[in-house]
Participant: 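Take this structure, written in structure tokens, and hold onto it; I'll ask about it next.
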Amino acid sequence: MRKTEAVFYADTYHPIQAGSIDGTDTLPHDSAVYRAWLCSSAALYDPSGDPKLIGDPYCTLFVARLSPLTTENTLRQAMSKYGRVKNLRLVRHIVTGASRGYAFVEYETEREMRRAYKEAHHSLVDDYEIIVDYNRQQLMPGWIPRRLGGGFGGKKESGQLRFGGRERPFRAPIRIPYDDLEKLGIPPPPEGRYMSRYQDPSPPRRKRSSVDREEGTHRRSMDREANIHKSNPADNDDRFHKRSMDGDYHSSRRSSDESAQRHRSRSSRDREEGTHRRSTDREASMPKSSPVDKEESFRKRSMDQEDRSFKRSSVETEEFHRSRRSVDTEERSHKRSSRDRDERSHKRHKSRNYERSTSHDRS
């Protein structure tokens with residue numbers, strides 16, 4: 001990944017950091033950032049104090065850059081492609097009732113919200129390209145809204161751009177003033193752990209306790225039992241018959257495997273007993289020999305082994321001498337041929353010199 005493509009996103013909101021392109025500014029560069037910093041320092045904004053905030057924040061999406069003509073029904077139809085919409089609130093002007101261009105969409109489950117977060121970003125609704133983000137007002141620590149000088153985004157013409165969000169992330173800085181950032185309480189950039197510009201940041205996940213996991217497991221088991229009871233009795237009978245048939249098949253297969261294993265063990269044991277019986281019969285049928293006969297037979301076997309080893313060594317020695325003689329013959333023939341070639345070339349050279357000298361004398 002090249003340095004120009006390395007970016008990072010804000011996990012917590014700080015107004016001075018949001019006003020910097022690389023997240024390393026230590027002074028507010030415009031009056032709006034200074035106003036947001038004052039609100040943050042004095043704790044003048046409470047995100048949970050908005051009475052219009054309803055629903056689960058982990059299942060809610062923020063949708064912006066909507067068309068002024070987009071209605072609730074149009075937006076619900078567009079966002080229903082990604083999951084079941086539980087609640088939708090299109091923010092309108094308090095006096096005129098016109099659309100403000102953004103809305104909050106709540107889904108039934110967190111999985112559906114994450115799907116819409118990934119797939120609905122930069123999609124078209126009423127010929128307008130929308131942007132999608134998670135509910136930062138409730139889930140991002142230190143959040144300050146746009147009307148108080150904070151937020152993300154902005155336009156270049158206004159000179160009040162905000163960085164660190166999904167649409168405009170921080171760039172990888174060249175120099176990081178760690179001491180100054182620590183004094184202001186600004187989290188430093190994650191040096192060495194930057195992301196690519198084409199990667200999407202993951203929204204925060206809900207912290208689940210053991211009680212929640214147990215409740216979820218119990219709820220899934222109850223839903224499964226309810227679905228079983230709601231099904232047709234004939235289907236239940238078929239399912240029970242199929243399960244019993246599967247059990248009979250598995251039991252018969254298990255019994256056949258056990259019988260085959262017993263047969264294999266019995267056959268191997270029979271083979272071992274037969275081999276032992278044959279060896280004992282062979283020993284019993286052989287005549288009993290005295291110690292002298294045993295010594296003579298041992299001496300005879302040792303002499304036979306020595307004869308075989310001597311014959312083998314003599315054969316190998318003969319083969320070695322034969323190969324050696326062939327190599328010597330080839331070397332002598334090669335030397336003789338090279339010597340003959342040298343003599344012939346010397347004779348040709350002498351005859352050529354003689355002819356040249358005679359021709360010179362005649363002339």
Side-chain angles (χ1 to χ4, degrees), residues 1 3-53 56-58 60-62 64 102 104 114 117 131-156 158-197 199-209:
M1 183 173 59
K3 190 73 173 179
T4 56
E5 296 180 357
V7 298
F8 67 99
Y9 300 88
D11 295 329
T12 60
Y13 191 85
H14 195 284
I16 297 179
Q17 186 185 31
S20 172
I21 193 172
D22 58 359
T24 58
D25 282 2
T26 56
L27 294 174
H29 67 275
D30 59 42
S31 58
V33 172
Y34 184 71
R35 186 170 68 251
W37 182 42
L38 290 179
C39 292
S40 177
S41 302
L44 299 178
Y45 175 72
D46 183 13
S48 61
D50 190 356
K52 297 181 181 180
L53 292 177
D56 189 357
Y58 290 95
T60 305
L61 284 180
F62 170 76
Y102 63 95
F104 295 92
R114 289 180 175 276
Y117 174 83
I131 61 172
V132 176
D133 205 349
Y134 68 89
N135 190 1
R136 295 182 182 269
Q137 182 178 355
Q138 294 179 276
L139 298 181
M140 192 170 197
W143 175 256
I144 300 294
R146 187 68 179 179
R147 66 177 183 272
L148 297 178
F152 287 127
K155 297 181 180 181
K156 292 183 179 180
S158 64
Q160 296 182 1
L161 294 177
R162 301 293 182 267
F163 301 89
R166 185 181 186 184
E167 189 66 13
R168 190 176 284 115
F170 293 120
R171 296 180 184 177
I174 299 175
R175 189 184 64 85
I176 303 175
Y178 288 101
D179 296 336
D180 297 337
L181 295 177
E182 186 178 0
K183 290 178 182 178
L184 293 173
I186 299 175
E191 189 175 10
R193 293 182 288 109
Y194 297 119
M195 300 176 63
S196 172
R197 186 177 293 274
Q199 290 178 310
D200 287 331
S202 178
R205 294 183 177 273
R206 189 195 309 271
K207 296 181 180 179
R208 297 184 180 273
S209 61

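Everything numeric in this text was worked out from a predicted model, so none of it was measured. The first residue of the sequence shown is numbered 1, and numbering continues consecutively from there.
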Participant: Which heavy-atom pair separates Gln137 from Pro47 by the least distance, and what is that distance?
Facilitator: O-CB, 3.1 Å
Participant: Do side-chain atoms of Arg197 reach the backbone of Pro169 as a donor and acceptor pair under 3.5 angstrom?
Facilitator: no
Participant: Verify, without hydrogens or angle tests, whether Arg168 (side chain) and Gly153 (backbone) share a donor-acceptor contact under 3.5 angstrom.
Facilitator: yes
Participant: When rounded to the nearest 0.5 angstrom, what distance separates CG in Leu181 from CD1 in Ile176?
Facilitator: 8.0 Å
Participant: So does Asp56 get a backbone contact from the side chain of Thr60, meaning a donor-acceptor N/O pair under 3.5 Å?
Facilitator: yes
Participant: Which atoms form the tightest heavy-atom contact between Tyr102 and Ala64, and what is the distance?
Facilitator: CB-CA, 3.9 Å
Participant: In Å, rounded to the nearest 0.5 Å, how long is the span from OG1 of Thr26 to CD1 of Ile186?
Facilitator: 7.0 Å
Participant: Sorted by first residue and then second, give each side-chain hydrogen bond (donor to acceptor under 3.5 Å, both in side chains) pair with at least one member in residues 8-20; sequence neighbours left out.
Facilitator: Ser20-Asp22, Ser20-Asp25
Participant: Would you give the length of the straight line joining atom CZ of Phe152 to atom CZ of Arg136, rounded to the nearest 0.5 angstrom?
Facilitator: 5.0 Å
Participant: Check Phe8 against Pro189 and note the closest heavy-atom contact, atom names and distance.
Facilitator: CZ-CB, 3.6 Å
Participant: What is the minimum heavy-atom distance between Tyr194 and Pro173, and which atoms define it?
Facilitator: OH-CD, 3.4 Å
Participant: How long is the span from the CD1 atom in Ile144 to the SG atom in Cys39, to the nearest 0.5 Å?
Facilitator: 6.0 Å
Participant: Who are the ring-ring contact (aromatic ring centres under 6.0 Å, His included) partners of Tyr45, not counting sequence neighbours?
Facilitator: none
Participant: Roughly how far apart are Leu61 CG and Tyr134 OH, rounded to 0.5 Å?
Facilitator: 11.5 Å
Participant: Does the side chain of Arg162 reach to within under 4.5 Å of the side chain of Val33, using non-hydrogen atoms?
Facilitator: yes
Participant: What distance do Met140 atom CE and Asp133 atom CG have between them, rounded to the nearest 0.5 Å?
Facilitator: 8.5 Å
Participant: Cation-pi check for Phe62 against Arg166: NZ or CZ below 6.0 Å from the six-membered ring centre and within 45 degrees of the axis, yes or no?
Facilitator: no
Participant: Looking at every non-hydrogen atom in both residues, tell me the closest pair between Phe170 and Ala10 and how far apart they are.
Facilitator: CE1-CB, 3.9 Å
Participant: So for atom CZ, which belongs to Arg114, do other residues, nucleotides or ligands contribute more than 12 heavy atoms lying within a distance under 6.0 Å?
Facilitator: yes
Participant: So which pairs with a foot in residues 173-190 pass side-chain hydrogen bond (donor to acceptor under 3.5 Å, both in side chains), sequence neighbours left out?
Facilitator: Tyr178-Glu191
Participant: How close do Pro203 and Tyr117 get, heavy atom to heavy atom, and via which atoms?
Facilitator: CD-CE2, 3.5 Å
